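Below: the structure, in structure tokens.
Order of listing sets the numbers, starting from 1, for every ligand and every atom in it. It should be emphasised that the depicted structure is a prediction, and the values quoted were computed from it without experimental measurement.
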Amino acid sequence: MKTYNYGKQHIDLSDILAVIGVLKSPFLTCGPKVKEFERAICNYTGAKYCVAVNSATSGLHVAMLALGIKEGDEVITSPMTFLASANCARYCGAAVKFADIEEKTANIDPNEIEKKITPKTKAIIPVHFAGQSCDMEKIYEIAKKHNLKVVEDAAHAIGSEYKGKKVGCCEFSDMAVFSFHPVKTITTGEGGAVVTNNFELYQKLLAYRSHGMHKDGEMQNTWEYEMRELGYNYRMTDIQAALGISQLKKLEKFKKRRREIVEYYNKNLGLAHLEEMEYSNACFHLYPVMVRNRAEFYQKAKKEGLNLQVHYIPVHTQPYYREQGYNWGDFPNAEIYYKKCISLPLYPDLTNKDLDEIVKRIKNFA
Ligand SMILES: *Cc1c(COP(=O)(O)O)cnc(C)c1O
């Protein structure tokens, strides 16, 4: 029996040849491919600056550092996300404040954000859940009113649009962070990127990516550098960047197929699913459905050769965040969503025959 996972990368010959090209070149890292990938992401999203990094987690961390987030600060994010959206604030010693989600989209609710703002709040990290953009204009308005920074966790959302513009153009944010992990829409193996329109933030991101080293200013010799802050090695390799360039060329095709699959499931499954809002044109990363008995659905799907996944266990219920004072019951919408959600197979290599087969198997038990 053919088995199906909830997600799967698409790698073809052009990707393989792109990687081989770098392996045969003088630069495996710190070469021309990283810059070329960064330029390609700028061209695609419309952002002015891009800094490629070795994961979205690193990207979120350097974004927090670039904003100067520190102990005593508070950062607001969604409880319905992957751990990294919250952990990046903790890396800098800041407290994480969660704001509950909207039922229809599972995205952070702007009204809940406003309730969580205190004099200590410095930044908001909206997460574009399943690939659908949050209502960024609304969130940005709240941020401006309270003098807060906005970093989009766009790990799910490369290729998505909000009000006719690409996620990552940063019209309604200070920075956006993409992930290129293999389960995401395009991949570099591990990898991520931060985009921004702000030159000062761009300079800081570059420095934090590479040990806090600077090569500008008074220096006389090309070998000189100055370490001005404590940075990291979060660099992407040219091998990864070459794969990213090749993948990015296919993104619009991936998006078209992902949207077709979502439409097919919406029409043919008859299961409760998220709604796409009028401001969104999503490159869907996940297709979650809401089912009455999730544990049973998961087991029965497994018997039918469908390896599904739950996105996500609410972050505030993790032991680490419970130690920070959170508990079950704190964010009811996220918790209700979690108890019912399960993500079905969604990736561009699924054929129409695969889709018929998947729907048939689900209808055997659901
Ligand atoms: C995958 C993911 C991340 C982390 O991405 P990595 O590239 O694996 O570090 C962060 N936020 C969200 C919402 C994600 O889904």
What one should report as the nearest heavy-atom pair of Cys283 and Gly159 is CB-C, 3.5 Å

Quick one: sort the Phe98 and Tyr321 rings into parallel, tilted or perpendicular, breaks at 30° and 60°.
perpendicular

Query raised in the report: Parallel, tilted or perpendicular: which describes the rings of Tyr202 and Tyr49, with under 30° parallel and over 60° perpendicular?
Result: parallel

Closer than 4.0 Å to some heavy atom of [X] - which atoms of ligand 1 meet that?
X	answer
Ala84	10 (C)
Val127	13 (C)
Tyr312	15 (O)
Gly191	7 (O)
Ser179	5 (O), 6 (P), 7 (O)

Return the residue, atom name and 0.1 Å-rounded distance of the protein heavy atom closest to [atom].
atom	value
atom 15 (O) of ligand 1	His156 NE2, 2.7 Å
atom 10 (C) of ligand 1	Asp153 OD2, 3.6 Å
atom 14 (C) of ligand 1	Lys184 NZ, 3.2 Å

Here the side-chain hydrogen bond (donor to acceptor under 3.5 Å, both in side chains) pairs for residues 39-48, sequence neighbours left out, are Tyr44-Glu252

Axial cation check for Tyr338 ring with Arg294, 6.0 Å and 45° limits | yes

So for Ala56 against ligand 1, with non-hydrogen atoms under 4.0 Å, the contacting part is both

N or O contact, [X] vs ligand 1, cut-off under 3.5 Å:
X	value
Thr57	yes
His181	no
Thr81	no

Taking side chain as C-beta onward, heavy atoms only, is Phe180 less than 4.5 Å from Met236?
yes

Sequence neighbours excluded, the answer for ring-ring contact (aromatic ring centres under 6.0 Å, His included) partners of Phe365 is Phe297

Taken to the nearest 0.5 Å, the spacing of Phe172 CZ from Glu141 CD works out to 9.0 Å

